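Given the structure is predicted, the values throughout are model-derived calculations rather than measurements. A, B, ... follow the sequence lines: proteins, then strands. Residue 1 opens every chain.
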Protein chains: 2
Amino acid sequence: MAAAPDLLFRTLADPTRRAIFERLCREGEQTVGALTMRSGVSQPAVSKHLGALKQAGLVRDRHEGRQTHYSARPGALNPLIDWTSQMAGFWQKRLDALDDLLKRMDQ
Amino acid sequence: MAAAPDLLFRTLADPTRRAIFERLCREGEQTVGALTMRSGVSQPAVSKHLGALKQAGLVRDRHEGRQTHYSARPGALNPLIDWTSQMAGFWQKRLDALDDLLKRMDQ
DNA sequence: TTAATTCATAACCGTTGAGTTATGGATGAG
DNA sequence: CTCATCCATAACTCAACGGTTATGAATTAA
């Protein structure tokens, strides 16, 4: 089994964490403090979520003085896109096979 | 926040469950017994996973005698595709805005 | 230097969830 | 009818995880 989709799915499964990632995608780079503001959870919780996102390769961090700026890395979503395409592909393949069979029976 | 991606991410986050879904995509309809065979877990565990997949709309079941056949419903992956596209879209949008800004500064 | 701010880590707690065994209902076989 | 098979549900256990408060390291301000 592919390891990349696994970590991505696990990381994005949590709503709070996914919301943080979404904000970074929508609005670009943010400090931990800014993210904590409207996250609904405490600052340590946000830091832990950011750590998880970073480990999954979904965000990068940039230190500037005593602030840490986080930004999304959308390229990290590629394994997810690949996985879904593959699943859809399998489906289509089997549909085509069925189509072939029906056509052959039709003759 | 959209509720559809949430359930999908949560449901697909578990490796065992995702493996079952993958098998159904690859090989088409399967009985619970057949799925249990190579799943590595007990039959009740498989039944629970199938229940979760069904509740997420990822599979459908068809009763035939004392067997239950499950099959994947790849259309259920659409919200996931939409979500990833949206995230990538936000990213692209901000890139474009930056591009515009640079072009205007260039004059 | 002292005080305040920003973030990360540690330690802990409660909940969630994936796994198990046990069991029962429904269907098919003999 | 009786027995075996297939699946789902119940009840339980245990680990993982998301949240909290407490604390400390690093940086900026006074």
Length of the line joining [X]:[atom1] and [N]:[atom2], which is rounded to integer Å:
| X | N | atom1 | atom2 | answer |
| --- | --- | --- | --- | --- |
| Leu7(B) | dT16(C) | CG | P | 16 Å |
| Tyr70(A) | dT6(C) | OH | P | 16 Å |
| His49(B) | dT16(C) | NE2 | P | 18 Å |
| Gln67(B) | dT27(C) | CD | P | 13 Å |
| Lys54(A) | dT9(C) | NZ | C1' | 14 Å |
| Leu12(B) | dG17(C) | CG | P | 15 Å |
| His69(B) | dT27(C) | NE2 | P | 14 Å |
| Leu50(B) | dA18(C) | CG | C1' | 14 Å |

Where the side chain of Arg10(B) is concerned, which of dA8(C), dG17(C), dA11(C) is the nearest nucleotide?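 In terms of side-chain proximity for Arg10(B), the closest of dA8(C), dG17(C), dA11(C) is dG17(C).
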
Options dA4(C), dG19(C), dT9(C), nucleotide nearest the side-chain atoms of Arg66(A):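 Nearest nucleotide to the side chain: dA4(C).
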
Select from Gly65(A) and Pro44(A) the residue whose nearest nucleotide in DNA chain D is closer to the 5' end of that strand.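 Final value for this comparison: Pro44(A).
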
Contacts of type side-chain contact (heavy atoms from CB on, under 4.5 Å), residue Ser42(B), not counting sequence neighbours: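 Applying side-chain contact (heavy atoms from CB on, under 4.5 Å) to Ser42(B) gives Pro44(B), Ala45(B).
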
Classify the nucleic acid contact of Thr68(B) as base, sugar-phosphate or nothing, counting any heavy atom under 4.0 Å across all strands shown.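 If one applies the 4.0 Å heavy-atom cut-off, Thr68(B) turns out to touch the sugar-phosphate alone, with no base involved.
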
At 4.0 Å (heavy atoms only), tell me whether Gln43(B) reaches a base, stays on the sugar-phosphate, or touches nothing.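 The residue Gln43(B) makes base contact.
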
Rounded to the nearest 0.5 Å, what's the gap from CG on Leu8(B) to CG on Leu12(A)? Could you check?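 It comes to 12.5 Å.
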
Roughly how far apart are Tyr70(A) OH and Ile20(A) CD1, rounded to 0.5 Å?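 CD1 of Ile20(A) is found 10.0 Å from OH of Tyr70(A).
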
When clusters are formed by joining ILVMFWY residues with side-chain heavy atoms under 4.5 Å apart, either directly or through shared neighbours, do Val32(B) and Val41(B) land in the same one?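 Hydrophobic grouping puts Val32(B) with Val41(B).
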
Any chain of hydrophobic side-chain contacts (each under 4.5 Å) joining Leu53(A) to Leu80(A)?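 Per the 4.5 Å side-chain linkage, Leu53(A) and Leu80(A) are co-clustered.
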
Run the side chain to side chain contact (heavy atoms under 4.5 Å, CB included) check on Phe21(B) and His49(B) step by step: do they pass? CA-CA 9 Å; Phe21(B) 178 70; His49(B) 283 307; over 6 Å; no

Residues Asp6(A), Arg10(A): salt bridge by 4.0 Å N-O rule: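 Looking at Arg10(A) together with Asp6(A), the answer is yes, because their closest N to O distance falls below 4.0 Å.
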
Think Ser42(B) has a side-chain N or O under 4.0 angstrom from the OP1 or OP2 of dT20(C)?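 Checking Ser42(B) against dT20(C): at least one side-chain N or O falls below 4.0 Å of OP1 or OP2.
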
Got more than 12 heavy atoms from elsewhere within 6.0 Å of CD, Gln55(B)?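 At most 12 heavy atoms, drawn from other residues, nucleotides or ligands, come within 6.0 Å of this atom.
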
Note down the inter-axis angle between the two ends of the helix from dT1(C)-dA30(D) to dG30(C)-dC1(D), five pairs each, to the nearest 10°.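 Terminal axis comparison yields 20°.
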
Which is the 5'-most and which the 3'-most nucleotide of DNA chain D that has an atom under 4.0 Å from a heavy atom of chain A?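 Footprint of chain A along DNA chain D, 5' to 3': dG18(D) to dT28(D).
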
Hey, which sits more toward the 5' end of DNA chain C by its nearest nucleotide, Glu64(B) or Asp14(B)?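 Closest to the 5' end, via its nearest nucleotide, is Asp14(B).
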
Closest approach of Ser39(A) and Val46(A), non-hydrogen atoms and distance?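 Scanning both residues, the minimum pair turns out to be OG-CG2, 3.4 Å.
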
